[in-house]
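By convention in this document, chain letters (A, B, ...) are assigned in the order of the sequence lines, proteins followed by strands, and residues within each chain are numbered from 1. Bear in mind the structure is a predicted one, so any value in this text is a computation, not a measurement.
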Amino acid sequence: MASSIENNNEKLTLKSSDGEEFLVEKHVALQSTLLQNMLDSDCSSADVIPLPKIDARTLALVLGYCKKHADASSSKQGELNSFDSEFLKDMDMGALFNLVLAANFMEIKGLLDIAAQKIADTIKDKPHQEVREIFHVENDYTPEEEAAVREENRWAFEGFP
Amino acid sequence: MAYESSSTSREPKETKQTSQIPLSTEYSQPLPSLPPEITVEILSRLPVKSLLRLRCVCKSWRSLISNPKFAKTHLCRASMNTDYTNHRLIFSRLYPRSDVKSCSLYSISNRNSDSAVQLDCPLKDPNLQVTIWGCCDGLVCVGTEREVFIWNPSTRKYKRLRNVELSCHGYADAWFGFGYDEFIDDYKVVGFFFVNRTNGFEPIVKVYTLRSDSWRRIEDCPRRVPRGTLGTFVNRALHWINLSASSDSKDIIVSLDLVKETYGEVSKPEYQDSNLKEMVLGVLNGCLCILCQYSGACFHVWVMKEYGIRDSWTTLFVMLYGSPPLYCPYSAPLCILENGEVLLNLATHLVRYKPKNGTFSFPEIHNCSPLFSVYIYIESLVSPDSNADSGVQWQHQQ
């Protein structure tokens, strides 16, 4: 969360969609390709960088991930893997969706990978009707059309409603 | 990545709404809608069976999941999975001969056991031995003396190849190789059809392409083609070994480039010749490999680390198999597991060998013995029928 402001050139300030500011060490911010590109161009680290698509709660999670990965040495891959699975362990679908959107926007490939994989693992054994609700997708099939599509791979629905 | 027919109809919602989503396990508040590229990112990580169900979610998901480009994205991700979550072993069997089963390579790798499941193989004649001719991108080329199919066991879709019945065309025998032509983005089956001539068996070589659904004769092989050998597909070419008939000629590895449809020769490793009984080719981590069997059930396994570079042939390990069975058809190594052990098919068993200390163990495969041959395939959405089931077809139905 927002820590005390220090006069340190190696830090930058990120602002969430709901107005909260986060002071971030530069090497942590560099986990994000978006921020890296901004810093490489003319963007001064003194500026506040607004992230209008990411709320404070999600941004705090994202930065926690970035810090762990920026601080860990490359030799500790096993430790990072267990951090990653612990990090997502009890996260619900809402948080995961926000996280995957944030990772995509900020271009943090590792985080996008694990969040997308976690969502995939969660929905893989769910009935399609439930997945439709989770993804908030409108069913544009007529009942007859849906039955016909289902019939094309009837065997895949054994044990499913 | 853009999939024309894949986008969901909804635009991403305003940030304000997104930030109000509670971190609760109930879906009481609507979750943010995901842009199409993230939907692809998530769906491309799902098993094939789940995806076949999710075609029922809505029309755009059905189009996406049926899109050949999505199938490629999915395949690419699945092949990169080093823990073999998306890989399966496929077995043909000695009895019943038409029985084709599969089990999870992940389970074999991690638990050393799995239950084999019966696959819905398109070849059902119990009197004919099923041969698996090759696997590529989740498609399996499988046949008997009467029929040959390109089959995707994960989607249960298949295509029957025309004009392969031996007796109808006067062929004494035939063997097939299966691979992918990256230049035309199509799958090819090479058929060596053996005709009984006065001076012995000479093969007529034909190539079948999936999209054209037809056979075309190509140049005859300048080398003797051994009967019954399976072609190994590596680096866009099929390979097989020509064992020398006499001591003054040399064994060679012959290749058939599937893109150019030309024959070549690949340099062999400097293996020792004395007491060499048999050699087989295989693929390990995308590299051509060769297993040399010496008398006394001693095996040397070589890998060509850089394709075509003679000096890159490296001895991977030397293996002594305790009690060699009398009749011992064996495969080249099937794969290297995460812990460095190697999976092989020796006689009618699947064995894993630990090169570090030279020990063997036998994975338990329930409901499946004895084995005839074992291959690995990836679970993919790749369609054996290029004309079927694209998003376009759905639009025609409207």
Side-chain angles (χ1 to χ4, degrees), chain A residues 16-18 51-58 61 90-98 100-105 112-113 115-141 145-150 152-158 160, chain B residues 8-10 12-35 37-63 65-66 77 80-81 85 120 154-157 388-389 394 397-398:
Chain A
S16 70
S17 62
D18 39 359
L51 296 168
K53 290 189 170 178
I54 304 166
D55 64 71
R57 201 156 199 173
T58 305
L61 286 169
D90 297 319
M91 219 174 265
D92 65 87
M93 221 25 135
L96 282 169
F97 269 42
N98 283 321
V100 83
L101 283 166
N104 186 51
F105 179 72
L112 180 63
D113 281 344
Q117 186 65 55
K118 177 77 179 181
I119 296 172
D121 292 344
T122 314
I123 63 169
K124 74 173 180 184
D125 295 321
K126 290 196 188 299
H128 70 275
Q129 298 89 338
E130 199 177 323
V131 175
R132 189 186 281 147
E133 277 175 40
I134 295 172
F135 278 72
H136 211 57
V137 177
E138 189 191 340
N139 181 8
D140 52 2
Y141 287 122
E145 284 171 341
E146 187 178 331
V149 175
R150 187 184 171 117
E152 288 169 11
N153 295 289
R154 190 173 18 158
W155 60 273
F157 288 85
E158 275 164 29
F160 283 85
Chain B
T8 52
S9 56
R10 280 150 200 274
K13 285 187 178 153
E14 291 301 312
T15 316
K16 206 177 159 196
Q17 281 172 287
T18 317
S19 63
Q20 287 169 354
I21 306 252
L23 284 162
S24 80
T25 47
E26 306 292 318
Y27 309 124
S28 49
Q29 296 274 326
L31 298 176
S33 292
L34 299 176
E37 72 268 21
I38 296 191
T39 306
V40 170
E41 200 52 64
I42 294 166
L43 296 189
S44 63
R45 291 160 200 274
L46 283 167
V48 171
K49 197 174 174 185
S50 306
L51 288 168
L52 295 180
R53 285 197 307 272
L54 295 185
R55 287 155 44 94
C56 278
V57 165
C58 65
K59 290 177 183 174
S60 67
W61 279 35
R62 180 186 185 273
S63 298
I65 294 164
S66 312
R77 211 183 277 297
M80 285 188 308
N81 237 335
T85 330
D120 190 18
S154 315
T155 61
R156 303 193 182 185
K157 302 278 187 271
D389 202 36
W394 180 259
Q397 290 175 359
Q398 297 302 292

Return the OG1 to CZ distance between B/T39 and A/F135, rounded to the nearest 0.5 Å.
6.5 Å

Could you tell me which portion of A/N153 (side chain, backbone, both or neither) has an atom closer than 4.5 angstrom to a non-hydrogen atom of chain B?
side chain

Which atoms of B/T155 approach chain A - backbone, side chain, both or neither, heavy atom under 4.5 Å:
backbone

Would A/D113 and B/E41 count as a side-chain contact (heavy atoms from CB on, under 4.5 Å) if you check the C-alpha gap in whole Å, the side-chain angles of each, and the deciding distance to 0.1 Å?
CA-CA 8 Å; A/D113 281 344; B/E41 200 52 64; 4.1 Å; yes

Can you tell which part of B/S154 gets under 4.5 Å to a heavy atom of chain A, answering side chain, backbone, both or neither?
backbone

When only pairs under 4.5 Å are counted, which of A/A148, A/A156, A/A147 shares the most heavy-atom pairs with chain B?
A/A156

Student check: side-chain heavy atoms of B/P35 and A/L101 closer than 4.5 Å:
yes

Separation of A/K124 NZ from B/L54 CG (nearest 0.5 Å):
12.5 Å

Quick one: CG on B/L52 to CZ on A/R150, what's the gap to the nearest 0.5 Å?
13.0 Å

Quick one, A/H128 and B/W61 - any side-chain contact, counting heavy atoms below 4.5 Å?
no

Under a 4.0 Å N-O cut-off, is there an ion pair linking A/E138 with B/K59?
no

Between CD of A/E152 and CZ of B/R156, what distance do you get to the nearest 0.5 Å?
15.0 Å

Would you say that A/V100 contacts B/L34 through its side chain, given a criterion of any heavy-atom pair below 4.5 Å between the two side chains?
yes

Proximal component of B/I38, with respect to chain A [non-hydrogen, under 4.5 Å]
side chain

Please rank B/R53, B/R45, B/K49 by heavy-atom pairs under 4.5 Å with chain A and give me the top one.
B/R53

Taken to the nearest 0.5 Å, the spacing of B/C56 SG from A/N139 CG works out to 9.0 Å

